[in-house]
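By convention in this document, chain letters (A, B, ...) are assigned in the order of the sequence lines, proteins followed by strands, and residues within each chain are numbered from 1. Just so you know, these numbers use all the heavy atoms, side chains as well, and skip hydrogens, waters and symmetry mates.
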Amino acid sequence: MAANHLYLVDGSGYIFRAYHRLPPLTNRHGVPAGAVYGFTTMMWKLVDELHRAEGPTHMAVIFDASSKTFRNDMYDQYKAHRPPPPEDLVPQFPLIRDATRAFSIPCIEEVGLEADDIIACYAKAALAAGWKVTIVSSDKDLMQLIEPGLDMLDTMNNRRLGPEHVIEKFGVPPEQLGDVLALMGDSVDNVPGVPGIGPKTASELVRTYGDVEAVLAAAEQIKKPKLRQSLIDHADNARLSRELVRLVCDRPLPEPLDDLALKGLPPEPLRAFLEDMGFRSLLAKLGGPQPAAAPAASIDEEVDPPFVHKDYETVVDEAALDRWIAAAYAATQIAVDTETDGIDCVRAKLVGISLATAPGKACYIPLGHGLAGDDLLAEPPTQLPAELVLAKLKPLLEDPSILKIGQNLKYDLIMFRRHGVDVTPYDDTMLLSYDLDAGLGGHGMDDLAKRHLDHACIEFKTVCGTGKTQISFDKVALPQATEYAAEDADVTLRLWRRLKPRLAREKATRVYELVDRPLVPVIAEMERAGILVDRAELARLSAEFGGEIQRLEGVIHEAAGGPFTIGSPKQLGEVLFERLGLKGGRKGKSGVYSTDVNEMERLAGEGVAVARLVLEWRQLSKLKATYTDALQAQINPETGRVHTSFGLATAQTGRLSSTDPNLQNIPIRTETGRRIRDAFVAAPGNVLLSADYSQIELRLAAHMADVPALQQAFARGDDIHNLTAQELFGEVNRDTRGRAKTINFAILYGISSWGLAGRLGVDRGEAQAMIDRYFERFPGINRYIADTLAELREHGYVTTLFGRKTHLPGIKAKTVGERQAAERQAINAPIQGTSADIIKRAMVRMGPALAAAGLGHVRMLLQVHDELVFEAPEADAPAAAEVIRETMARAAEPAVTLSVPLGVEVGIGKSWGAAH
DNA sequence: ATTGCGCCCTA
DNA sequence: GTAGGGCGCAATG
């Protein structure tokens, strides 16, 4: 007979995690029961493993009896800052106790003791009796108990945690963990710890000195001054923390060990409990007669199984591949992810493909894995040939009846396109999240897994390392590669099951189907195309700027009376306002003098010559470092072109973003800067076309706020800033037009008298008077602002004309500053976002429109918010210009009919600068 | 080697 | 007052 094996379930810990992991389900009484359901299925699984070698023979579920414990006698602030549990969780606490009793398993709690302490007492007693022990929890405090014969089970991720896990996570074995936890403190439990010491420092100190007392004894010798002082100042807190995290394990057991024996799944009273809760699928598993009428309960939506990385399959033979393809056809949908040897999807090589057909059912098909080291004798791992796999997958990936699901599919689409596969139809979980939850957090897979699945994905760096020790994915051994890659597909599929049903319910279908999803292949093609830059011209500019920078440096250093780092705002401020004794230096919150362009312009206006020189130096340094130098380095050696990456789910408002390099901030305002734009050129025989919407946001504001005066002005083609100047100031000249333009922008940005005053250089009263006059002359604006803020307060988000949402949780913030910021964002987001929707629709239609006109070879290269850049054979440019103009001007139709025309200006030239 | 800040480029 | 990305510096680890 094998040794007894006691499972101690941390009931309190489990319920919180289950609550956040599972959707907010209710049972047949309409009572929230998601966490209860999760708990019940977990208990079922554990009890069912009775016959297994590692399975339980004895079990108990431990709860916290009260909020006050002996630790509060030691420290009255212990757990003092805990917020009360969420409202819909409270009624689930007693139900979880009911569930436990339904399994005929003891619920154990003890006044004055925390669940952790009771668990510790039972664990020690069982170990002393020669039993094995498993603690079902992922609480870091309980990890102190790990020792031979005792492990922990994290049922959320289905991982067993042993001493090596503690060492990996905290750098010390379990017996020293209490010392590390004490030093680092815990803000949730309000364990004070020592200020300035986090997990890293705590671990290092304990590794060096042994325990808290030894660290404190050695405090005087510690090199780092801040750390030394903090240890000395907070020695008492360190000792107190050590006691707070120490688990009590010497109390008498509330129930004897033998009473915890497990007898298997008891049909009664479990059946009664399941019936009462309406957990039908579990009831069915229990067997026997079923209740007649199926209650209208949502609880039996299948809850996802835990993540079991070892269950993922590495596909290295044809039969296995065929099996997965068959499973995909049977499921009618499949999550797909590609692994490559780099970030740059234009250059990177395909290394493997992962698939998932159901939650927990995922595989990895390695294609291009080599060897980790450079062992010349070893053979690369056995893999299927890439051509074979792609040929077998192609019909599936292109099958119109099978939905392909990806996370940021743009990347994978480019990868597959390069291998002759056109993936269709598809869903993108990143975009689903973006169109449902913009403003509520990131949309990367790690963010989404955390938010929706309470799951921490395997980090890329734990597989591939970081910094100079980083390896590319093809060097990762197959077992780890499989766990990482297949998990991505598994997570993607689970996310899709959560997000897709929300789309229609939350009215995000239109923007997803009509705007963002169809944009993916369009953007993919733009990135693949890239844009040609004249490397020699950039190099010439770099040299020229470099020479001028050197010259300016000499003059500035001379004027300053000695060399210093001009690029350091700290040093520059000290030179100007201390060494040179200039007046009016304003220090910011970090104690550094402000040296920004406003401040330097002020000094220059007061006759300080060096301020003007510094501004020139700054401009040239910026242009050289950010543009002429950096862009040369970004040229793809294979294509000779620069391939930016457009972010589809980055901006809160629906705009695109551009990185690596950012081609949406190429200079244009200054003459020197514009020379950089001239280095963006068309390929030989071609020209660049630049098409931009003129004042689209003001036009949209005129429409959305329904301001007849502005609408008529746009319809007539009048200069809108002149009109505004006439209305506000009664006369039109350079000065009033400039001020009117500033005010027009201020309206779009969510006006405040304070901000406008700063911009115009007038006092707040004057600014407010102008705003009042603006509202009076254009009354719709006032109403738009009021309606938009009402929408925000009611729903927590605002919407564009196409239904795109921007959530602004800041509206409920504690400080007025934050709430006002949210209000300004709310006024701007519908306008900026509608503009983004419109140009995206133009982009989606552009390919077909050009193709229909026999201009299919005209390539769209860039988008800069209100501008599109194309490359076309010289002879086709005039015809292309007309198609582009039409497509952009009509892009809102027919979904939205605007009360203003959309003006589009098209320029043609050999370079981007010339096309403007 | 990463991180926050100040500054500055775009629409 | 809106929305982005990226550089160098200086302080962290």
Side-chain angles (χ1 to χ4, degrees), chain A residues 196 198-201 203-204 224 226-227 438-439 461 465-470 565-573 588-600 614-615 618-627 629-631 634 644-647 650-670 672-674 676-677 692-697 701 742-760 767 771 806 808 820-833 835-836 839 862-867:
Chain A
K200 291 272 154 55
T201 312
S203 162
E204 198 186 323
K224 295 179 182 166
K226 278 204 179 140
L227 180 56
K461 66 179 182 198
T466 177
K468 63 180 178 186
T469 57
Q470 189 171 338
T565 307
I566 306 170
S568 161
K570 185 162 172 280
Q571 291 186 37
L572 177 63
K589 62 175 177 205
S590 60
V592 183
Y593 291 107
S594 167
T595 62
D596 67 11
V597 62
N598 292 323
E599 195 69 10
M600 300 304 275
V614 168
L615 285 174
R618 279 222 185 115
Q619 189 199 15
L620 291 172
S621 302
K622 169 85 177 178
L623 295 178
K624 182 172 188 289
T626 310
Y627 301 106
D629 288 352
L631 276 173
Q634 292 276 1
T644 185
S645 172
F646 287 105
T650 307
Q652 315 273 301
T653 53
R655 273 190 176 182
L656 300 180
S657 70
S658 164
T659 57
D660 308 305
N662 182 353
L663 295 185
Q664 291 180 323
N665 71 346
I666 302 301
I668 191 166
R669 288 180 188 182
T670 66
T672 323
R674 211 170 302 145
I676 293 164
R677 234 167 233 247
D692 66 289
Y693 285 111
S694 82
Q695 298 179 353
I696 186 169
E697 294 196 1
T742 301
I743 297 170
N744 278 330
F745 275 105
I747 297 293
L748 300 180
Y749 293 160
I751 201 155
S752 82
S753 57
W754 199 86
L756 182 63
R759 256 307 156 110
L760 286 177
I771 294 170
T806 296
L808 294 166
Q820 285 172 340
E823 290 178 2
R824 291 193 298 272
Q825 293 170 322
I827 293 162
N828 177 256
I831 300 169
Q832 190 183 114
S835 167
I839 196 167
L862 299 178
Q863 189 249 45
V864 193
H865 309 310
D866 65 0
E867 174 188 10

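Contact annotation: A:Gln695 does not reach the phosphate of B:dA11 (side-chain N/O to OP1 or OP2, under 4.0 Å). Under 4.0 angstrom from either OP1 or OP2 of B:dC7 there lies at least one side-chain N or O belonging to A:Thr595. Within the 4.0 Å cut-off from OP1 or OP2 of C:dG4, not a single side-chain nitrogen or oxygen of A:Arg655 is found. Checking the phosphate oxygens (OP1, OP2) of C:dG8, no side-chain nitrogen or oxygen of A:Thr565 falls inside 4.0 Å. In this model, the phosphate group of B:dC8 is approached by a side-chain N or O of A:Arg618 to a distance below 4.0 Å at OP1 or OP2. At least one side-chain nitrogen or oxygen of A:Arg669 sits closer than 4.0 Å to the OP1 or OP2 atom of B:dA11. Here A:Ser568 reaches the OP1 or OP2 of C:dA10: one of its side-chain N or O atoms lies under 4.0 Å away. For the OP1/OP2 pair of B:dC5 and a distance below 4.0 Å, the side-chain nitrogens and oxygens of A:Ser590 include no atom meeting the criterion.
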Short N/O separations, protein against nucleotides 11-13 of chain C, under 3.5 angstrom:
| residue | atom | partner | partner atom | Å |
| --- | --- | --- | --- | --- |
| C:dT12 | OP1 | A:Lys226 | NZ | 3.2 |

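Taking OG1 from A:Thr650 and CZ from A:Arg655, the interatomic distance works out to 13.0 Å, rounded to the nearest 0.5 Å. Remark: A:Gln825 CD to A:Glu823 CD distance equals 10.5 Å, nearest 0.5 Å.
Residue contacts for A:Ala625: at a heavy-atom cut-off of 4.0 Å it reaches the sugar-phosphate backbone alone, with no base atom in range. Among the heavy atoms of the strands lying under 4.0 Å from A:Thr466 are primed sugar atoms or P, OP1, OP2 only; no base atom is included. Looking at heavy-atom distances under 4.0 Å, A:Asp660 makes contact with sugar-phosphate atoms alone, never a base. Using a 4.0 Å heavy-atom criterion, one finds that A:Val592 contacts no nucleic acid atom at all. Using a 4.0 Å heavy-atom cutoff across all strands shown, A:Ser645 reaches no nucleic acid atom at all. Within the nucleic acid shown, A:Gln652 comes within 4.0 Å of sugar-phosphate atoms alone, with no base atom in reach, counting heavy atoms only.
Going from atom OH of A:Tyr627 over to atom C1' of C:dC7 covers 10 Å, rounded to whole Å. Nucleotide B:dC7 holds its C1' atom 16 Å from the CD atom of A:Gln571, rounded to whole Å. Distance A:Ile831 CD1 to B:dA11 P: 19 Å, rounded to the nearest Å. Straight-line distance from the CD1 atom of A:Ile676 to the C1' atom of B:dC8: 13 Å, rounded to whole Å. Atom pair A:Leu808:CG and C:dT2:P shows a separation of 12 Å (rounding to whole Å applied). In this structure, A:Leu748 places its CG atom 12 Å from P of C:dT2, rounding to the nearest Å.
Put simply, the side chain of A:Gln825 and the base of C:dT2 share no donor and acceptor less than 3.5 Å apart. Side-chain N/O atoms of A:Lys622 and base N/O atoms of B:dC8 include a donor-acceptor pair closer than 3.5 Å.
Side-chain atoms of A:Thr626 do not come within 3.5 Å of backbone N or O of A:Leu623 as any donor-acceptor pair. Checking side-chain atoms of A:Ser753 against main-chain N and O of A:Ala767 turns up no donor-acceptor pair under 3.5 Å. Not a single donor-acceptor pair under 3.5 Å links the side chain of A:Asn744 to the backbone N or O of A:Ile747.
A donor-acceptor contact under 3.5 angstrom links the side chains of A:Gln619 and A:Thr670, judged on distance only.
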Take A:Ser594 and A:Glu599 through the side chain to side chain donor-acceptor pair (under 3.5 Å) test and state the conclusion after the steps. CA-CA 7 Å; A:Ser594 167; A:Glu599 195 69 10; 4.8 Å; no
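Around the CZ atom of A:Arg759, the shell of radius 6.0 Å holds no more than 12 heavy atoms that belong to other residues, nucleotides or ligands.
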